[in-house]
Amino acid sequence: MKYDYKAIEKKWQDVWENENTFAAKQDFTLPKYYALVEFPYPSGQGLHVGHPRSYTALDIVARKKRLEGYNVLYPMGWDAFGLPTENFAMKNHIHPEIVTEKNIARFKSQLKSLGLSFDWTREINTTDPSYYKWSQWIFLQLYKKGLAYKKEMSVNWCTSCKVVLANEEVVGGVCERCGGEVVHKVKSQWMLKITAYADRLVDDLDDLDFIDRVVAQQKNWIGRSHGAEVKFTTTLGDELLIYTTRPDTLFGATYMVISPEHPSIAKWADKIENMDEVKSYQDAASRKSDFERTELAKDKTGVQLKGVRAVNPVNGKEIPIFISDYVLISYGTGAIMAVPAHDERDYDFAKKFDLPIVEVVKGGDIEKEAFTDCASGIMVNSGFLDGMSVDDAKEAITKWLADKNFGTPKVNFKLRDWVFSRQRYWGEPIPMVNCEKCGWIPLPESELPLKLPEIQDFEPSGDGESPLARHTEWVNTTCPCCGGAAKRETDTMPQWAGSSWYFLRYMDPHNENAIASKEALEYWSPVDWYNGGMEHTTLHLLYSRFWHKFLYDIGVVPTKEPYAKRTSHGMILGENGEKMSKSRGNVVNPDDIVRDYGADTMRVYEMFIGDFEKSAPWNTSSIKGSRRFLERVWGLAERMQGGDDYTKAIESSMHRTIKKVTQDIEQLKMNTAIAAMMTLINEMYEQPSITRADMRTLLVLLNPFAPHITEEMWQQLGFGGQLAHTKWPVYDEAKCVDATVEIAVQVNGRVRAKINVAADVSNDDAIAAAKAEPAVAKELDGKTIMKEIYVKGKLVNIAAK
RNA sequence: GCGGGCGUGGCGGAAUGGCAGACGCGCUGGUCUUAGGAGCCAGUGUCUAGUACGUAAGGGUUCAAGUCCCUUCGCCCGCACCA
């Protein structure tokens, strides 16, 4: 009979939908497993072939875990707020809600056509008021704990989208979304104090099963550094606080640099002799775009502040103070001591401005370049530190500074607080009210959700205000505190809000009284395995860890971390090896593949394409190999005869394959699991016939990968019930090896013969058998044997001279 | 510059320090066929065809190295004037 994939796939997808086959059970006594993939943004383009790579991989894990007896939660939903939908809505004069609904419908049918075993009874949507009610609720809790605050600050303003961007949305000085020019603009923004959690976000990574590159990238992003703050006095009688990671080099500080935005400049203004020059440098610095800042990084510029000098606390020496934009106001204290001998940037600056360079750690050649890699160096020209190692000097100077009240140890982070306001319509309204008398007042929780008003004009005003600001009937309200006239916050939340806690909602998606019930949270937490893209490592993944830690602190969730395990998939590239994109014309539509080859083929192909963690180019002709494999599985049916035991000749292969597939799925090595099954069926075809037991085990092993064809064959061959409700096969370690094995015999590491020995042969017998081989004996003739090694089941190696 | 990773046939890729190239694609020949861009069978790292040489290049450790160590080259990803 022909393998009619279309009919088969439709048939089983209908069964799964009607029977809710994959809905997680409400029985909290069962062992649980929570597998999670990042929910998609339902774009107008529909599903990309990249999506199923991640979804299928964890679908395989989820299906296997179910067969192993776990109560599995494998949910799906929609991260549906966001700019593209709003932009589409503006352009086509359709409400974003309608656009979203349409896009979701398309995505959902595409996902269903792939046979993914999501629990659709728990589908969530971040734009649903019953969902964003809780995003708003979390914001209010953050506010109550002082972790949400409003701040006048310089923000990134995209001149094209006319919207404020988070630092993370500015890439290379341009808007991440549209590539438009980004300039700075001062605006009052809601901020979230993620920096309060910086230490824990770093430290707790060590206890998690996250792949190394995710851990490294998050640590790098948070950028914790240990150093000291040191107080310098000035000739004007006040103080200047600097931050350094190298207090040991304090004797080498020959000048200071402060950021052009540093507040001391205004304080000193009437004492600074060249204030005109200083002012024009400040102006120039503020006009520089992010792009110019990064491009011109190498060429140091600056202006000395004439009329004020700093005093080095260790030796009382007066040193000049400069302003330069290589010192950032946003990091540390916005002021540094410059040690040109041991810092490249200071070295460049000193050379350009002809400033003294004093070596304080021996070992480099400071005539040529800064000596920075000097951890093992010895201190010189450093008074009481002379002769010490760098580490000892650090300790000694830190103590000295503390004793004299000149400085304290200090930890700094690159991580900044999270700009949480967006001047857009299609996001969660921030539930805050501004009253002239009472200031910012949170909306009472009883008034949540604060719904988005129905409006028709989504265009940003272009003055930096949200489109909501025009709708005075919504904006004007009463103060929850005093009852007087007040105005609502018109900014909305960023897209990252809804995705920062969505995995919690899946646990109990219809709860009207809480994010989820205590029982559900206790049972399902944490997510056992979370797979997603590397591009979300420093944004979504970090933000959601932050929110989760906060929810843990206020007693809402039972674990301090949301995800026990995190893996990441590589991209699927176009056939030309380039990133898939419309403009490159190399986009593959998953619908076409499902139509032409079937969902099972598509699934097997995407899993077989290569190492899961690496990117791999799409190859249309390779798909045929996956299809051929399934056709061959289909063809095995007519070779099946009776028998409740494995065919003797392939028994060990059966056990080995079960072992291999079982282990490979856990390690996301789907490509080698499939290769093992291919090898197995090649062996099956070499047999005159196969047994029901052979067939049965093969179908269960293959089921997570190709659920439709296996379920259909299971039914047609009369194994009884549904494959989805059967048990995962077990292997017998003892039966994984054949009775006799072929091993290689090496002399001095070169293969000279191959012999067959019993699998459990002793060391001595194996070596004796090896020596008996004529080719080996010939090699050994006249030589002295130095060493004889037998590696069980692999080889014998005889070292001889 | 800092951090992470990678370099293996024509291609995607396999190899707990133990016979490099599993599995698949492609290709070659055969077979069946009115036909084959289907199926089946056989072959397929390289060459000077030797039990020869081969995992970016060079060196080292080891009975044994794609794998471990050192040096060099090249590529990818993230961050980047973070003091």
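This structure is a prediction, so every number in the text was calculated from the model and none was measured. A note on names: the letters A, B, ... follow the listed sequences, proteins ahead of strands, and every chain is numbered from 1.
Among the nucleotides rC23(B), rC25(B), rG13(B), the one closest to any side-chain atom of Asp611(A) is rG13(B). For Asn797(A), taking side-chain heavy atoms from C-beta onward, the closest of the listed nucleotides rC23(B), rG18(B), rG13(B) is rG18(B). Closest to the Asp325(A) side chain, of the nucleotides rC81(B), rC19(B), rC23(B), is rC81(B). Distance from the side chain of Ala744(A) is smallest for rC19(B) among the nucleotides rC23(B), rA83(B), rC19(B). Considering only side-chain atoms of Thr672(A), the nucleotide from rC63(B), rC79(B), rA22(B) that sits closest is rA22(B). Listed nucleotides rC19(B), rG24(B), rA52(B) differ in distance to Arg750(A); the shortest reach to its side chain belongs to rA52(B). Taking only side-chain atoms of Glu742(A), from C-beta outward, the nucleotide of rC19(B), rG26(B), rG12(B) with the closest atom is rC19(B). Closest contact between the side chain of Ala216(A) and the listed nucleotides rG12(B), rG3(B), rG26(B) involves rG3(B).
If you check the side chains of Asn619(A) and Ser621(A), you find a donor sitting under 3.5 Å from an acceptor. For the residue pair Glu38(A) and Ser54(A), no side-chain donor N or O sits within less than 3.5 Å of a side-chain acceptor on the partner. Of the N and O atoms on the side chains of Tyr326(A) and Asp346(A), at least one donor lies less than 3.5 Å from an acceptor on the other residue. No side-chain N or O of Thr679(A) forms a donor-acceptor pair with one of Asn682(A) less than 3.5 Å apart.
rG29(B) is paired with rC41(B) under the criterion used here, namely a Watson-Crick or G-U wobble arrangement in which both key atom distances are under 3.5 Å. Pairing of rG3(B), defined by two Watson-Crick or G-U wobble distances under 3.5 Å, is identified with rC77(B). Remark: rG50(B) base-pairs with rC47(B). Criterion, Watson-Crick or G-U wobble with two distances under 3.5 Å. Across every strand in view, rC68(B) sits in a pair with rG60(B) that passes the Watson-Crick or G-U test at under 3.5 angstrom.
Ser615(A) comes within contact range of the sugar-phosphate backbone alone, with a heavy-atom separation under 4.0 Å but no base atom that close. In this structure, Ser225(A) reaches the sugar-phosphate backbone alone: every heavy-atom distance under 4.0 Å involves primed, P, OP1 or OP2 atoms, never a base. Residue contacts shown for Asp346(A) are absent, as no nucleic acid heavy atom lies under 4.0 Å away. Contact annotation for Ile609(A): backbone-only contact, meaning every heavy-atom pair under 4.0 Å involves sugar-phosphate atoms and none involves a base. At a threshold of 4.0 angstrom between heavy atoms, the contacts of Asn671(A) are confined to the sugar-phosphate backbone, with no base atom among them. As judged by a 4.0 angstrom heavy-atom cut-off over every strand, Val327(A) is placed among the base-contacting residues. Within 4.0 Å (heavy atoms only), Ala675(A) reaches at least one base atom of the nucleic acid. Looking at heavy-atom distances under 4.0 Å, Lys219(A) makes no contact with the nucleic acid at all.
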Atom pairs under 3.5 Å: protein N/O with N/O of nucleotides 35-43 of chain B:
residue: rG39(B); atom: OP1; partner: Arg628(A); partner atom: NE; Å: 3.0
residue: rC40(B); atom: OP1; partner: Arg632(A); partner atom: NH1; Å: 3.3

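A donor and an acceptor atom sit less than 3.5 Å apart, one in the side chain of Lys300(A) and one in the base of rC81(B). For a distance-only test at 3.5 Å, the side chain of Lys414(A) fails to qualify as a donor-acceptor partner of the base of rC79(B).
As a whole-Å value, the separation of Asn748(A) CG from rA64(B) P is 8 Å. We find that CZ of Arg627(A) is positioned 14 Å from P of rC25(B), with the value rounded to whole Å. In this structure, OH of Tyr326(A) is placed 13 Å from P of rC81(B), rounded to the nearest angstrom. rA14(B) atom P lies 7 Å from atom NZ of Lys669(A), rounded to whole Å. Whole-Å rounding puts the Leu630(A) CG to rG24(B) C1' distance at 13 Å. If you measure from atom CD of Glu683(A) to atom C1' of rC23(B), you get 13 Å, rounded to the nearest angstrom. For the pair Met670(A) CE and rG12(B) C1', the computed distance is 18 Å after rounding to whole Å. Between Lys660(A) atom NZ and rU16(B) atom P the separation is 8 Å, expressed in whole Å.
Seen from the ring of Tyr685(A), Arg632(A) counts as a face-on cation partner, given the 6.0 Å and 45° thresholds.
Using atom C1' as the reference point in both rU16(B) and rU67(B), the two lie 11 Å apart (nearest Å).
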